[in-house]
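See below for the structure under consideration.
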Amino acid sequence: MTSIQSPVDESNRAENSADGKLTVEGSTYDLPIYKSSIGPAVVDISRMYAQSDMFTYDPGFTSTASCESKITYIDGGNGILLYRGYPIDQLAENGNFLESCYLLLYGDLPNKDQFSDFENRITRHTMLHEQMHSFYKGFRRDAHPMAIMVGVVGALSAFYHDSTDINDPVQRDVASLRMIAKMPTIAAMAYKYAIGQPFVPPQNSLDYSANFLNMCFSVPAEEYKRDPVLARAMDRIFILHADHEQNASTSTVRLAGSSGANPFACIAAGIACLWGPSHGGANEAALSMLEEIGSVEHIPEYIKRAKDKSDPFRLMGFGHRVYKNYDPRATVMQKTCHEVLDALGARDEPLLQVAMELERIAREDEYFIEKKLYPNIDFYSGITLRALGFPAEMFTVLFAVARTVGWIAQWKEMIEDPHQRIGRPRQLYTGPTQRDYIPENQR
Ligand code: SDX
């Protein structure tokens, strides 16, 4: 049985706290400073309101650490991403997705026996309760698969009552494995439902990503020709998307979990947030953008639009709240894109030419240089996923399949954090001051 680590080290906080001082309107407040193992230290403002009767203000949380975590570290200035200290490119090149799942969940790379036990436990949770199949029939065939994912994942808590007690570490672990194991099945069923093909059950003889591709693309009528290059590419894409610190959807999962909601409901909340085009929906939007641009001749017009403040158009797949350098995942994704297109004999895919020329022009343009806008993970993922055979509306679903391990690892860390309380931000109120009710005939 894998040891479930407690992420918060009390001594770490006691040793590292030092005095920070904040002077506001002539009053000075003592605010402890906690040091990190790497990256920025934090100023603990949790006592600020009690001391000053004032709130701090940070609407986009650009300068706010919402929690202490030991899972993922991002250095946006240098384009570094570490899962439990291991660089993303090393994990993507040398490992597999389930190994990264074990690492994110339990804190260390598994040895041979730990991996084999973990893989067996995941494999035995890949099937979905037969009654859940009828959920799909309630959706229109043209429903966006993310709508199906939100609905079906939220409904899991109605079927797996024996892993919803968040205070039982064994049930937390089982719920985590169930989520990781069942997301590919749920996603593949959403895809099959959309194209009117029969659901394909999981095959325990296949590894995680090969099984997913088989459930998506095999049909009962003929033998499905499995391509190990494509399965490897799918597995690497899952690794790249597995976790990313306190991004919008992970913060949503943490906030939902802080109320004591069951893990399935929390993951459904994360899926809903990921759907947005500024977040996980950007891969679908980036491909649509490349298709709209159509050819390299049209690129200057779109670069001009992206820079025009009066035009809502933005280069999808460019820019990032944290990365002010090249997203290290985009580097691996671009390499994977070339490998997949080569394997499929589609090296001269026109959209790849448009994407590479767009990247070249944008990275030489003063506007993008000054604003530190680089390609992010979504810029090349759309071309790759389409080449693998997925329609654009499935791209964010694949992101959700991969990110489920990150969401659930962060959720577990939060539940096991003795400092954890329900998340309840305050506000800067600028609405009407108190006024008396006016009878309708006097309005
Ligand atoms: C993901 O947080 C995560 O970790 C997310 C993620 C993960 O793994 O979980 O990495 C996944 O969501 C990647 C990001 C995918 N989104 C996109 O590719 C959509 C396009 N990008 C932008 O919408 C934007 O860059 C964001 C949303 C990603 C980041 O927005 P910020 O940090 O709030 O930055 P901003 O919108 O304030 O932009 C700063 C400036 C602005 O100009 P000014 O107002 O300062 O003049 O840069 C401009 C923006 O107009 N800008 C862009 C741009 N992105 C920002 N201009 C043109 N094209 C763009 N893509």
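Side chains are part of it too, since the values below use all heavy atoms of this structure and drop only hydrogens, waters and symmetry mates. Ligands are counted one by one from 1 in listed order, and the atoms in each one are counted from 1 as well.
- Closer than 4.0 Å to atom 26 (C) of ligand 1 lies none of the heavy atoms of the protein.
- Listed by atom number, the atoms of ligand 1 under 4.0 Å from Ala306 heavy atoms are 56 (N), 57 (C).
- Taking 4.0 Å as the cut-off, Val322 does not count as a neighbour of ligand 1 on heavy-atom distance.
- Heavy-atom separations between Leu373 and ligand 1 include at least one value shorter than 4.0 Å.
- Between the Tyr83 side chain and the Ala242 main chain, a donor and an acceptor come within less than 3.5 Å of each other.
- Ranking the protein heavy atoms by distance from atom 9 (O) of ligand 1 puts Arg403 NH1, 2.8 Å first.
- With salt bridges taken as basic N to acidic carboxylate O contacts below 4.0 Å, none links Asp165 and Arg172.
- In this structure, atom 30 (O) of ligand 1 has no protein heavy-atom contact shorter than 4.0 Å.
- Residue Arg314 holds the heavy atom nearest to atom 49 (C) of ligand 1 of all those in Arg314, Lys324, Glu370.
- Counting heavy atoms closer than 4.0 Å to ligand 1, residue Lys371 contributes side-chain atoms (C-beta onward) but none from N, CA, C or O.
- The nearest heavy-atom contact from the protein to atom 16 (N) of ligand 1 is Ser278 O, 3.0 Å.
- Nearest-heavy-atom check against atom 3 (C) of ligand 1 across His320, Met289, Arg321 picks out His320.
- Taking the six-membered ring where tryptophan is involved, the planes of Phe97 and Tyr208 are tilted, since the angle between them lies from 30° to 60°.
- Annotation: atom 13 (C) of ligand 1 to nearest protein heavy atom, Asp378 OD2, 3.4 Å.
- Judged by the shortest distance from any of its heavy atoms, Gly60 lies outside the 4.0 Å radius around the atoms of ligand 1.
- A salt bridge does not link Arg360 with Asp365: every distance from a Lys NZ or Arg NE/NH1/NH2 to an Asp or Glu carboxylate oxygen is 4.0 Å or more.
- By the neighbour-count criterion of 12 heavy atoms within 6.0 Å, atom CE of Met54 is densely surrounded, having more than that number from other residues, nucleotides or ligands.
- Of the protein's heavy atoms, His244 ND1, 2.5 Å lies nearest to atom 4 (O) of ligand 1.
- For atom 39 (C) of ligand 1, the nearest protein heavy atom lies 4.0 Å away or farther.
- Heavy atoms of other residues, nucleotides or ligands lying less than 6.0 angstrom from CZ of Arg141 number more than 12.
- A salt bridge between Arg386 and Glu291 is present, with a side-chain N of the basic residue lying under 4.0 Å from a carboxylate O of the acidic one.
- For residues 182-192, no pair satisfies salt bridge (Lys or Arg N to Asp or Glu O under 4.0 Å), with sequence neighbours left out.
- Between Phe368 and Tyr374, the distance separating the two ring centers is not shorter than 6.0 angstrom.
- The number of heavy atoms from other shown groups lying within 6.0 Å of CZ (Arg47) does not exceed 12.
- Using a 4.0 Å cut-off between charged nitrogen and carboxylate oxygen, Arg305 and Glu292 count as a salt-bridge pair.
- Of all protein heavy atoms, the one closest to atom 11 (C) of ligand 1 is His279 ND1, 3.8 Å.
- Residue-ligand proximity, Gly317 to ligand 1, at heavy-atom distances under 4.0 Å covers atoms 17 (C), 18 (O).
- An N or O contact shorter than 3.5 Å links Phe318 to ligand 1 by distance.
- Enclosure of atom OH in Tyr57 is not indicated, since only 12 or fewer non-hydrogen atoms of other residues, nucleotides or ligands lie within 6.0 angstrom.
- Within the structure, the closest approach of Tyr323 to ligand 1 does not fall below 4.0 Å when heavy atoms are considered.
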Legend entry - Test side chain to side chain contact (heavy atoms under 4.5 Å, CB included) applied to Tyr326 and Glu359, step by step: CA-CA 11 Å; Tyr326 212 98; Glu359 175 187 350; 2.9 Å; yes
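- Residue-level proximity to ligand 1 for Tyr367 is carried by the side chain, the only part with a heavy atom below 4.0 angstrom.
- Within 4.0 Å of atom 34 (O) of ligand 1, not a single protein heavy atom is present.
- Nearest to atom 19 (C) of ligand 1 among the protein's heavy atoms is Met316 CE, 3.5 Å.
- Residue-level proximity to ligand 1 for Lys309 is carried by the side chain, the only part with a heavy atom below 4.0 angstrom.
- Looking at His241, Arg329, Lys307 and measuring to atom 8 (O) of ligand 1, the nearest heavy atom belongs to Arg329.
- Tyr191 and Phe217 have perpendicular rings, their planes meeting at more than 60° on a 0 to 90° scale where under 30° would count as parallel.
- Look at Lys371 and Glu366 and you find no salt bridge, because none of the NZ, NE, NH1 or NH2 atoms lies under 4.0 Å from a carboxylate O.
- The nearest protein atom to atom 14 (C) of ligand 1, hydrogens excluded, is given as Asn376 ND2, 3.6 Å; this is a heavy-atom distance.
- At a 3.5 angstrom cut-off on N or O pairs, Ala282 does not count as close to ligand 1.
- The protein heavy atom nearest to atom 58 (N) of ligand 1 is Leu315 N, 3.1 Å.
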